[in-house]
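Structure first, commentary second.
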Amino acid sequence: MSRELVVYNSLTRQKEVFSPLQDGYVGMYVCGPTVYSDVHLGNCRTFMSFDMIYRYLMHLGYKVRYVRNITDVGHILDDGEDRMSKGARLDNLEPMEVAQKYTLGFHDMMRIFNTLSPSIEPRATGHILEQIEMVQDIIDHGYGYMKNGSVYFDTIKFAEKTGEYGKLSGRIIEELISESRDNLKNQDEKNHPSDFAIWMKASDEHIMKWNSPWSIGFPGWHLECSAMSTKYLGKQFDIHGGGNDLKFPHHENEIAQNVGACGCQPAKYWLHTNMLLMNGKKMSKSDGNTISPVELFTGDSIHVTKGYSPMVVKFFMLQSHYRSPNDLTDEALQAAEKGFKRLMDGNKTLSNLSSTVATDGPMDAKINAIMTSAYADMDDDFNTPRALAKVFELVPIINSLKEGQIALSEVSNQALDELKSFFQTIIFDIFGLMDETESNAGPLDGLMNLIIDLRQQARVNKDWPTSDKIRDSLNAINIQINDGKEGSSWGFK
RNA sequence: GGUCGGGUGGCCGAGCGGUUAGGCAGAGGUCUGCAAAACCUUGUACAGCGGUUCAAAUCCGCUUCCGACCUCCA
């Protein structure tokens, strides 16, 4: 923790020096998925961003408790039906069966993208009691009111008394208040349009419901995060994260609930990731502008000319900043694929390099400077695209060292070792990338060596038809023969 | 309509007052039996118009285009 980390705080709309509430420890809460359908690619970007942030905080030496919830109840549809039970009705399954299915699918996808598991992954349905207690706290503090068994949060009263409402999302309280005169009539039970349910009375046919002091019902859809973050991280913690589109109303209401129940701001730093776009537009199922992770991997989609591996997709996302929109296009993915391969090849080349001098190579300082600046980029609000650019500045140096444009005596073994561990740390430990081309061990490798051997004999005999036939036939099945100075090697295209 | 955030080279994408961003594509070269691959080198940009400044892609104003949120959304 010798370096200074700066993060952009959505709450204050500026970059701030990161300083945790408790020295050496970080509590981070990230809004997780609602498990009523397959994970959306956009979700994946958010979770990969926070995975990188989690990894980087740990790299800095913090002990991090990372809490990411699973929402398996609480989201209310326009027609008042709980989202989970709607999914259940469509699939003709038990609600928890639906939740289980998509939770497992979500976990699989997170594993495929090589993200670390959170420290705690609480479920909303496992915390009904905590949510009920919080509703009671809110009522006790005068910010909740009951209507026919449901409990609503009084945003106007809260705004007037605390001045806290609308801070995060930039809503204007006066506007909310003036709205009340015009819109009062068409409100069902709410006193004001901006009020929101913290406990909903369930209709008879509603499947997911629990007993409470107010009615048999279910918790409001912002409540779980307030209750669970408080339970596992305390009334106040360091980082609260989520997608940009959750700022309002979800996060705004979450703050209202926490302040309303505990009297204090829950999180010190609010971090929001920006949206993943496709072909310049937000991904949306309704207008067909969407692609699932699996379709992206297999290439089974009109939006893509071929499949891209999970690590290529991840690399692609790391090339843009988490707070910027990221535009997914086939062309950009192709570029990422090649760039990623170049990076992996560079790393492999590096691992085989060794110098002729132990210390004080003439180029050591230059290499060290680049490595240092890459970390400085990470310290500046987790700027992965810039840090990645720095890594790419090192690649030509590595290649030149191998190819001889730069003499091996230029860089000392000491610097080389540092460089090797730098690559390991930043690419794999922090970015969370993996080399997918590794380990061709087993019979395939032996087979390929035999074939390369046979071809080499043909080449020695200047039997070009044979050697070209071997090369072209392999090429047709996506195996690339690379003829180099020191013999041939092979790899998948 | 309201509130934010943007428009950077052929594409993606950093930078946000003076430095080469970086990746891909393009061009030139090295290697090679030929090729592919790989590697090295490299050109091209800051939506428009004003203004501030010694200096602006970077600050201010206007114009124009785009996106997000305002309803479930990562």
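Proteins get letters first, then strands, A, B, ... in listed order; numbering begins at 1 in each.
Comparing the P positions of B:C60 and B:U53 gives a spacing of 16 Å, expressed to the nearest Å. For B:A57 and B:U20, the C1' atoms lie 16 Å apart once the distance is rounded to whole Å. On the P atoms, B:C69 is 26 Å away from B:C11, given to the nearest whole Å. Comparing the same atom, C1', in B:A35 and in B:G18 gives a spacing of 48 Å after rounding to whole Å. Spacing of C1' atoms, B:G13 relative to B:A45, comes out at 13 Å, to the nearest Å. Taking the C1' atom of each, B:U41 and B:G33 are spaced 27 Å apart, rounded to whole Å. For B:A37 and B:C73, the C1' atoms lie 44 Å apart once the distance is rounded to whole Å. For B:A27 and B:A68, the C1' atoms lie 39 Å apart once the distance is rounded to whole Å.
Heavy atoms of A:Glu337 sit nowhere under 4.0 angstrom from any nucleic acid atom. Among the atoms of the strands shown, none is found under 4.0 Å from any heavy atom of A:Asp345. At the heavy-atom level, A:Ile481 lies under 4.0 Å from base atoms of the strands shown. The residue A:Leu41 sits apart from the nucleic acid: no heavy atom pair falls under 4.0 Å. Looking at heavy-atom distances under 4.0 Å, A:Ala389 makes contact with a base.
Note: NE2 (A:His321) to P (B:A21) measures 20 Å, nearest angstrom. Distance CE (A:Met275) to P (B:G6): 15 Å, rounded to an integer number of Å. Spacing between atom NE2 of A:His272 and atom C1' of B:G67 amounts to 18 Å, rounded to whole angstrom units. Here B:A14 presents its P atom at 13 Å from OH of A:Tyr322, a figure rounded to the nearest Å. Look at CG on A:Leu277: it is 7 Å from P on B:A68, rounded to the nearest Å. The CZ-P distance, from A:Arg323 to B:C69, rounds to 18 Å in whole Å. Atom NZ of A:Lys247 is separated from atom P of B:U71 by 16 Å (rounded to the nearest Å).
Under 3.5 Å, the side chain of A:Ser324 and the base of B:G13 form no donor-acceptor pair of N or O atoms. On a pure distance criterion of 3.5 Å, no polar donor-acceptor pair joins the side chain of A:Asp483 and the base of B:G33. A donor and an acceptor atom sit less than 3.5 Å apart, one in the side chain of A:Arg471 and one in the base of B:C34. Contact annotation: side chain of A:Lys282 to base of B:C73, donor-acceptor pair present below 3.5 Å.
The side chain of A:Asn383 contributes an N or O atom lying less than 4.0 Å from OP1 or OP2 of B:G15. Distances shorter than 4.0 Å separate some side-chain N or O of A:Arg342 from OP1 or OP2 on B:G23. Regarding contacts with the backbone of B:A38, every side-chain N or O of A:Asn399 stays at 4.0 angstrom or more from both OP1 and OP2.
Closest to the side chain of A:Asp327, out of B:C40, B:C11, B:G13, is B:G13. Closest to the A:Asn43 side chain, of the nucleotides B:A74, B:C39, B:G23, is B:A74.
Both stacking criteria are satisfied for A:Trp464 over the base of B:G33: a centre-to-centre distance under 5.5 angstrom and an angle between ring planes under 30 degrees.
Nearest heavy-atom pair, A:Leu318 versus A:Met52, reported as atom, atom and distance to 0.1 Å: CD2-CG, 4.4 Å.
A donor-acceptor pair under 3.5 Å is formed between the side chain of A:Gln131 and the backbone N or O of A:Glu224.
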Test A:Asp381 against A:Arg323 for salt bridge (charged side-chain N to carboxylate O under 4.0 Å, His left out), laying out the working first.
CA-CA 9 Å; A:Asp381 197 28; A:Arg323 275 193 295 117; 2.7 Å; yes

